[in-house]
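Throughout, protein chains are lettered first and strands after them, A, B, ... in sequence-line order, and every chain is numbered starting at 1. Please read all numbers here as calculations on a predicted model, not as lab measurements.
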Amino acid sequence: MIILLVLGYVVVGAFELYMWSDRPWKKVLAYLCTLALAVTLTVIVVSSWQIPVPQPLRLLENWVKELWAGGGQ
Amino acid sequence: MRELVPDLQSMALVVIFTLGDSFIMALGSRAGNDIWLAFLLAIVLAVPVIALYARMRSLMHGESLQEGLATIYGKWPSRAIALAYSFYAWRLGSYVLIDLTSFIESISLPTTPRAAVATAYTLLALWAAKEGVEVLARWSVVMIRGVYFILFVAFAMLVTEVDLAEFLPVLYDGFQPILLGTLQLLDVPFLETVVLFWVFDAFVKPDSPYKVFLPGFAIASVFMCLIASASLAVLGAEQYATNYFPVFVATSRIDVAAFLTRLESVVSISFGIGGFLKVAVCLLAASKALAIGLGFTDYRFLVTPVALSMIPAAQWLITDMMEAERIATKVVGSSEVFFQFVLPLILWITAEIRVAKGKKNSAST
């Protein structure tokens with residue numbers, strides 16, 4: 001399943017790049033990096049790895065909760 | 001090429017975006033039977049913040065979004081801000097996607113995989129986002145008539161079922177539930193309008209952002225207040241808070257002389273339209289902000305990978321309907337407070353200082 005999905009992304013990426021009239025390397029690099037992120041997310045979800053969602057602002061949330069009990073529920 | 005949208009079309013887009021998919025949820029449920037007071041307070045508190053968003057866009061008049069940001073904040077800070085908001089819009093789009101798929105799964109397609117529904121919606125949003133904000137705004141002008149009609153009919157029919165005693169006694173539990181309901185409403189969906197800051201490339205006149213954001217928000221919020229209050233008066237405060245989709249349940253109770261019944265499907269149409277537009281706008285904002293963040297003038301080439309990443313993100317960020325409902329009705333979210341209020345406030349103060357300094361310098365030379 002994972003291989004099939006990755007292959008799907010590769011086909012979509014290749015087709016889009018083929019359709020572009022010009023291919024400056026910066027644009028191609030940005031496109032491929034963003035597509036790689038999409039593939040990584042798909043693999044995480046399909047493979048059922050329990051990777052927690054990063055929450056960098058959790059500290060602030062905890063502080064608000066402490067200030068106002070139940071406020072962040 | 002700058003995308004210039006007439007004010008009326010932009011306003012229609014703001015109305016449908018604000019209504020979005022959330023009007024069907026238990027908005028402001030923590031306020032209990034004082035929900036209408038929570039709505040009024042939330043509207044009053046949201047207007048200055050939305051005026052602040054409009055003011056920031058007004059300061060950039062005559063320049064595109066990318067040029068305006070670079071002029072006011074400088075090249076690298078503007079890129080960092082754009083990347084941060086790209087992430088916010090992407091995450092909001094994923095949340096809306098999961099709301100849509102959860103609703104469809106709960107109501108009509110329980111055995112269809114969520115990913116299939118999410119893919120269908122995302123492909124449609126991808127097409128719309130690639131066409132740009134001009135097409136989305138024109139589409140909004142066409143669809144808004146239908147949305148107004150549906151919401152007006154739903155409200156008029158709900159009035160036949162309401163029990164006004166559900167609103168009494170007023171302020172029985174004091175002011176705290178109203179405050180909690182107000183914060184719920186500000187969090188989702190009122191201040192989500194910050195995403196629209198990144199959608200419009202340029203405005204017709206310097207005061208256009210005010211004419212677009214404020215009336216658009218006012219119309220949508222009044223509609224939401226009426227529909228939510230009427231739904232609460234039909235179901236009662238307890239059932240309103242415990243149902244995932246109280247507006248849908250309330251409209252299902254409409255029965256006019258055993259002739260007009262099952263009107264909930266009509267409300268679903270409005271939900272579908274609003275949800276689609278919100279996903280498309282979030283996708284557009286995420287792609288545009290990402291392009292600005294990476295230093296590109298064109299954003300369209302990034303729409304496909306950003307859209308494709310929203311499908312798995314919708315499964316990763318939220319796993320079930322309970323979590324979707326918790327996020328839609330939470331009181332204070334740290335990232336929401338940061339992106340909807342704190343960061344815009346800092347950006348506005350910085351922009352005012354920089355623009356004032358710029359004017360002073362140009363006057364002295």
Just distance, no hydrogens or angles: give the donor-acceptor pairs under 3.5 Å from side chains in residues 6-22 of chain A, sequence neighbours left out.
unit_1	atom_1	unit_2	atom_2	d
Y9(A)	OH	T42(A)	OG1	2.7
Y9(A)	OH	L308(B)	O	3.3
E16(A)	OE1	Y31(A)	OH	2.9
E16(A)	OE1	T304(B)	OG1	3.2
E16(A)	OE2	K130(B)	NZ	2.8
E16(A)	OE2	T304(B)	OG1	2.7
W20(A)	NE1	E16(A)	O	3.4

| Residue pairs passing the ring pair (Phe, Tyr, Trp, His ring centres under 6.0 Å) test where at least one lies in residues 308-343 of chain B, sequence neighbours excluded | Y85(B)-F339(B), Y88(B)-F339(B)
| said: Does any backbone or side-chain atom of L41(A) lie under 4.5 Å from a heavy atom of chain B? Answer side chain, backbone, both or neither. | reply: both
| query | Checking heavy atoms, do the side chain of L179(B), its backbone, both or neither come under 4.5 Å from chain A? | reply | side chain
| task | Look at atom CD of E238(B) and say whether more than 12 heavy atoms of other residues, nucleotides or ligands are closer to it than 6.0 Å. | result | no
| field | Pair listing, salt bridge (Lys or Arg N to Asp or Glu O under 4.0 Å) test, anchored in residues 23-38 of chain A, at least two apart | value | K27(A)-D298(B)
| field | Toward chain A, the part of F296(B) with a non-hydrogen atom under 4.5 Å | value | side chain
| Nearest non-hydrogen partners of A38(A) and P305(B), listed with the distance | CB-O, 3.8 Å
| query | Quick one: which residues of residues 282-294 of chain B reach chain A at under 4.5 angstrom, heavy atoms only? | reply | L290(B), L294(B)
| task | Kindly compute the distance separating CG (L37(A)) from CH2 (W90(B)), expressed to the nearest 0.5 Å. | result | 8.5 Å
